[in-house]
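Reviewing the structure listed below.
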Amino acid sequence: MQTFQLQIREALARHTGLAADELKFELPRDSALGDLAFPCFAVAKALKKAPPAIAAELAQKLSSDLTGITAVATGPYLNFRIARAELARVVVGEIESAAARYGGSSVGANKTIVIDFSSPNIAKPMHVGHIRSTIIGQALHRIFTSLGYKAVGINHIGDWGAQFGGLVVAMRRWKDTVDLETEPVHGLLDLYQRSKAAIAEDPEFAREAKEAYQELESGREGPVRELWRWITEVSLRGFDKTYKRLGIHHDLVRGEAFYEDLLEPTVERATQAGVTEVSEGALVVQLGAIDKGLTETPCLLRQSNGTTLYATRDLAAMFQRYEEFHFERCLYVVGAEQKLHFRQLKAVLKRMGVEWEPRIEHIYFGLLLGPGRVKLASRNKGEVLILDELIDDVVNEARRVVLEKNPAQRDADTIAEQVGIGAIIFNDLKRERIRDVVFDKSEILSFEGETGPYVQYTHARLASILRKASEAGEGGAAPDWTAFEEAGPLLVALGRFPEVVQSAAVHAEPSEIATYLLSLGRDINAWYVQNRVLGQAPGVTAARLALVRASKTVIANGLRLLGPAAPDEM
RNA sequence: GCGCCCGUAGCUCAGUUGGAUAGAGCGGCGGUUUCCUAAACCGCAGGCCGUGGGUUCAAAUCCCGCCGGGCGCACCA
């Protein structure tokens with residue numbers, strides 16, 4: 001695909017006298033106009049002529065220069081149309097030779113990207129509120145990896161804080177009243193909730209909890225630390241089950257506790273840099289000079305009672321991560337509610353004169369809302385929608401639909417899992433990150449329209465054609481590339497995939513790939529219902545099969561980057 | 001009150017960083033199955049791109065004001 005662009009670009013540069021890499025192209029509004037468009041407005045000034053005149057003139061001049069490409073002036077636009085046979089041969093050839101690597105590149109070679117994502121709190125089951133960071137973060141990890149970056153996914157689990165004092169005491173007292181065997185995390189949640197109530201009502205309990213937390217903080221080995229370690233382990237084991245179903249993998253699991261030893265040195269570092277001051281008894285960094293919007297909200301590094309905070313830990317983590325990885329970018333996939341927090345931290349780094357501060361990016365996303373746009377996952381309310389239960393619901397519905405559509409399906413369980421989870425993941429990634437996601441179960445369960453299952457279904461249909469072709473022994477002839485008049489939009493779309501992946505990485509925006517896949521699916525479906533593949537003249541069948549194979553590869557590659565499986569049957 | 005984000009079809013959203021007649025899905029209406037899986041495809045209806053100004057040859061897109069909605073606002077994470 002690049003080769004055509006390059007040829008056009010160079011020819012255009014020759015005739016306009018402008019630098020080749022300055023010329024901007026776009027896709028024509030209507031694919032009937034052409035495959036690539038060059039708006040002549042931008043060069044009108046330099047050439048001192050009216051855009052339509054330039055377009056007409058260039059079309060004239062270029063026609064002799066380009067082979068296999070026709071240039072037509074339509075008003076102020078110069079539209080290029082690549083001969084279908086040539087376009088098909090080249091695009092399909094590129095996809096065939098790159099196969100599973102098509103869409104990827106090596107632009108990121110020798111560069112490291114740190115991605116902080118998912119980061120649930122231990123001692124509680126993962127609820128639906130964790131899903132966005134988890135899914136977006138994992139998709140980014142795969143996207144960057146496919147571009148040759150070394151991606152380091154870090155799970156910054158919440159394993160520290162005063163609440164563990166209460167939990168430890170609750171364990172001591174009520175351990176035997178809950179089931180910590182079958183689903184330990186559910187039992188722990190119960191204990192956690194009871195401990196919160198007890199701290200409020202029972203002074204003795206509160207005192208003991210505080211003592212336990214101090215014991216934990218001291219770093220001393222002993223029963224408290226042992227208990228805390230056990231809680232961490234069973235929680236992580238619980239998370240792992242969910243992660244496995246969703247295809248989530250972290251390179252490092254580092255809880256907040258990991259950074260405990262770095263807190264004092266970090267505070268010291270800030271103090272040495274001369275940016276701290278004491279205000280109302282707390283150690284703060286004033287940020288108004290860096291960012292006017294932060295005048296009234298300095299960053300607190302130490303409370304008036306001497307203890308450190310969330311910000312202190314995150315600041316420590318930033319330094320530690322830079323020193324360990326020398327990252328190109330460090331992405332925090334965290335909800336938009338925490339924008340102020342990251343804005344403050346970046347301002348602190350800036351005040352300290354840290355030159356890599358721009359590499360820290362808060363990749364924020366909108367809220368997860370229930371039907372009626374009500375907030376779903378509020379931490380303060382007891383009602384939490386447990387993620388595993390949601391997944392089970394969707395997978396069960398998927399199984400029902402699989403068997404309804406395809407009663408003979410023997411592998412319904414596997415496919416239901418793929419379709420259900422595909423629906424959940426795709427639902428989260430199909431819109432821009434910033435938008436709130438309305439979690440409408442009936443919409444997710446419909447499996448129709450702009451959904452993961454739509455893309456998966458398209459993939460399964462393509463796989464089915466290939467299966468039938470091989471059963472019938474078709475496709476062995478030399479491909480006849482001339483029968484692609486109607487495949488233009490599809491071919492252009494297939495050729496564009498690498499740019500889409502690249503752009504999704506730059507913007508840290510997986511939705512660009514999701515949107516692309518939906519559009520590609522429409523192109524594919526529209527094409528193959530009109531162009532039967534099997535049973536044509538051998539050369540035509542061979543060429544169409546090659547296009548089917550290429551389309552299937554691109555869908556599979558795109559889905560792999562986002563997370564959903566690409567089943568061969570549904 | 002201050003800061004940030006959002007406002008495009010009845011609903012949910014795209015719109016290639018300023019370009020052609022603003023596009024999809026859902027919902028509505030009407031079609032397509034002796035034909036590679038109808039989770040699909042085709043057609044019709046549906047728009048003052050919140051609003052008022054400005055910049056520009058050109059604005060849904062950039063700037064300013066206003067209206068409406070959301071999130072956040074030092075000793076929680």
**Request:** Name the pairing partner of A60(B), where a pair is Watson-Crick or G-U wobble with both distances under 3.5 Å, or state none.
**Result:** none
**Item:** Nucleotide paired to A40(B) in any strand shown, Watson-Crick or G-U, under 3.5 Å
**Value:** U32(B)
**Item:** P gap between U21(B) and G7(B), integer Å
**Value:** 24 Å
**Complete:** Using Watson-Crick geometry (N1-N3 plus N6-O4 or O6-N4) or G-U wobble (N1-O2, O6-N3), each under 3.5 Å, C11(B) is paired with G25(B)
**Message:** Taking the side chain as everything from C-beta on, heavy atoms only, tell me whether Y454(A) gets closer than 4.5 Å to L518(A).
**Reply:** yes
**Prompt:** With distance as the sole criterion, do the side chain of E296(A) and the base of A74(B) form a donor-acceptor contact below 3.5 Å?
**Reply:** no
**Asked** Is the shortest side-chain N to carboxylate O distance from D35(A) to R496(A) below 4.0 Å?
**Response** no
**Request:** Assess R254(A) against F258(A): is NZ or CZ under 6.0 Å from the centre of the six-membered ring, and within 45 degrees of the ring's axis?
**Result:** yes
**Fill in**
C49(B) -> Watson-Crick or G-U wobble partner, both distances under 3.5 Å, gives none
Any protein N or O atoms within reach of nucleotides 61-70 of chain B? Criterion: under 3.5 Å, listing atom names and distances.
none

**Message:** If you go through the side-chain atoms of N525(A), does one of them form a donor-acceptor pair with the base of A39(B) closer than 3.5 Å?
**Reply:** no
**Request:** May I ask which nucleotide in the shown strands pairs with G18(B), Watson-Crick or G-U wobble, both distances under 3.5 Å?
**Result:** none
**Request:** May I ask you to verify whether the side chain of S279(A) and the base of A74(B) hold a donor-acceptor pair under 3.5 Å?
**Result:** yes
**Complete:** For G72(B), the nucleotide meeting Watson-Crick or G-U wobble distances (both under 3.5 Å) is C2(B)
**Request:** Confirm from the modelled atom types if H507(A) and U16(B) form a donor-acceptor pair under 3.5 Å, side chain to base only.
**Result:** no
